[in-house]
2 protein chains.
Amino acid sequence: MASKGMTTAAFFVLTALADQPRHGYGILREVEELSDGAVQLRVGTLYGVLDRLTADGMIVLDREEVHDGRLRRYYRLTDEGAQALDAEAERMAAGASAAKQRIAEGRKAPGAAANPTTGPGLAGGLA
Amino acid sequence: MASKGMTTAAFFVLTALADQPRHGYGILREVEELSDGAVQLRVGTLYGVLDRLTADGMIVLDREEVHDGRLRRYYRLTDEGAQALDAEAERMAAGASAAKQRIAEGRKAPGAAANPTTGPGLAGGLA
DNA sequence: CGATATATATCGGTTGCCGATATATCCTGG
DNA sequence: CCAGGATATATCGGCAACCGATATATATCG
């Protein structure tokens, strides 16, 4: 499936490519920008991720251009990649929501929870 | 710091411990339950994560109990762990939100985005 | 008595991130 | 004019982390 278990680096590369095709170095800058500087994708990480995502059919080489004598290799999201990104975003939102809810519960009752059986958790969050 | 870069496994272990102390095997079941079966934490992964989180001061050994001749080792979130979990949940929510927005943008204008300069992205999401 | 569930823990293989390094061009500052 | 930084690509080796397999031990069920 490849739809399960996506690394943070892969997630942000896909996100950077979600609105338009970009080249490697551009992805680096874009990821830092869209995460407000919180995520700094490393050069050494990028190309491994790019190769893996290409092999998994999540992205494809869109085109190659030359600017000022420097090659730019543009990558683009595939439909499968967009789908996987969407699913991963859903999972992340659900996980974040579940975590926040449980933190609130723990603060209300520090030592014993009201109803541990699944609780309000999420469960209906994705599905 | 340890506040940056948390693995998925660590995140879900902290989430499982957010409302009440649990023991290893209980965490395994709880993570699967709270993620609606989407995340299956492996036994081989668990103890490594537990040791790492303990070393980082995110969790502590709460108590040890014996049930039916079987030892149960309960772990509990520290204040630092709760704080880190909260911060990570925030980051995940922001990332998920940014991804969804960009997917929507890509569908509206497939080939050229309206305003690539940072865009509405998030930027104000965290901070 | 064997299988399954509970509950702990370790080990080795594989995957994946990251720092360092290499190559090449363009621009700016001294 | 040359050193340094930004742009832009790519590779390699070390290290961290996930996961399957395996081991040990007890209780229950068939």
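Reminder, nothing fancy here: chain letters follow the sequence lines and each chain counts from 1.
Summarising the geometry, the separation between CG on A:Leu53 and P on C:dT15 is reported as 16 Å, rounded to the nearest angstrom. Nucleotide D:dA8 holds its P atom 14 Å from the OH atom of A:Tyr75, rounded to whole Å. If you take CZ of B:Phe12 and C1' of D:dA17, they are 17 Å apart, rounded to a whole angstrom. Atom CG in A:Leu28 sits about 13 Å away from atom C1' in C:dC17, given to the nearest Å. Rounding to whole angstrom units, CD of residue B:Glu32 and P of C:dA5 are separated by 13 Å. In this structure, the CG atom of B:Leu71 is 21 Å from the P atom of C:dA5, given to the nearest Å. In this structure, the NE2 atom of A:His23 is 17 Å from the P atom of C:dT25, given to the nearest Å. Between B:Ile27 atom CD1 and D:dC18 atom P there is a gap of 14 Å when expressed in whole angstrom units.
Helical stems involving DNA chain D, defined as 3 or more consecutive Watson-Crick or G-U pairs under 3.5 Å, span C:1-30 with D:1-30.
Nearest heavy-atom pair, A:Ile27 versus A:Arg22, reported as atom, atom and distance to 0.1 Å: CG1-CB, 3.9 Å.
To the nearest 0.5 Å, atom CG of residue B:Leu17 and atom CD1 of residue A:Ile103 are 12.0 Å apart. Atom CG of A:Leu14 sits about 11.5 Å away from atom CG of A:Asp86, to the nearest 0.5 Å. Atom CE in A:Met92 sits 8.0 Å away from atom CD in B:Glu88 (nearest 0.5 Å). B:Gln20 CD to B:Tyr74 OH: the interatomic distance, rounded to the nearest 0.5 Å, is 9.0 Å. A distance of 4.5 Å separates CD1 of B:Ile59 from CG of B:Leu53, quoted to the nearest 0.5 Å. In this structure, the separation between CD on A:Glu90 and NZ on B:Lys100 is 4.0 Å, given to the nearest 0.5 Å.
Among the heavy atoms of the strands, none lies under 4.0 Å from A:Gly48.
Heavy atoms from other residues, nucleotides or ligands lying under 6.0 Å from CG of B:Asp79 number 12 at most.
Place A:Ala10 and A:Val43 on DNA chain C by their nearest nucleotides, and A:Ala10 ends up nearer the 5' end. Between A:Thr45 and A:Arg72, the residue whose closest nucleotide on DNA chain D is further toward the 5' end is A:Arg72. Between B:Tyr74 and A:His67, the residue anchored nearer the 5' end of DNA chain C, judged by the nucleotide with its closest heavy atom, is B:Tyr74.
The shortest distance between side-chain heavy atoms of B:Phe12 and B:Leu41 does not fall below 4.5 Å.
Residue A:Arg42 has a polar side-chain atom (N or O) positioned under 4.0 Å from OP1 or OP2 of C:dG19. For B:Thr7, a side-chain nitrogen or oxygen approaches OP1 or OP2 of D:dC18 to under 4.0 Å.
Of the candidate nucleotides D:dT7, C:dC17, C:dA5, C:dC17 has the atom nearest to the side chain of A:Val49. The side chain of A:Arg52 approaches C:dC17 more closely than any other nucleotide in the set C:dC18, D:dT7, C:dC17.
A:Phe11 and A:Tyr47 fall within the same hydrophobic cluster, defined by Ile, Leu, Val, Met, Phe, Trp and Tyr side-chain heavy atoms under 4.5 Å apart, directly or through other members.
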Item to check | Nucleotide-resolved protein contact map, nucleotides 24-30 of chain D, B/S/- at heavy-atom distance under 4.0 Å | outcome: --BS---
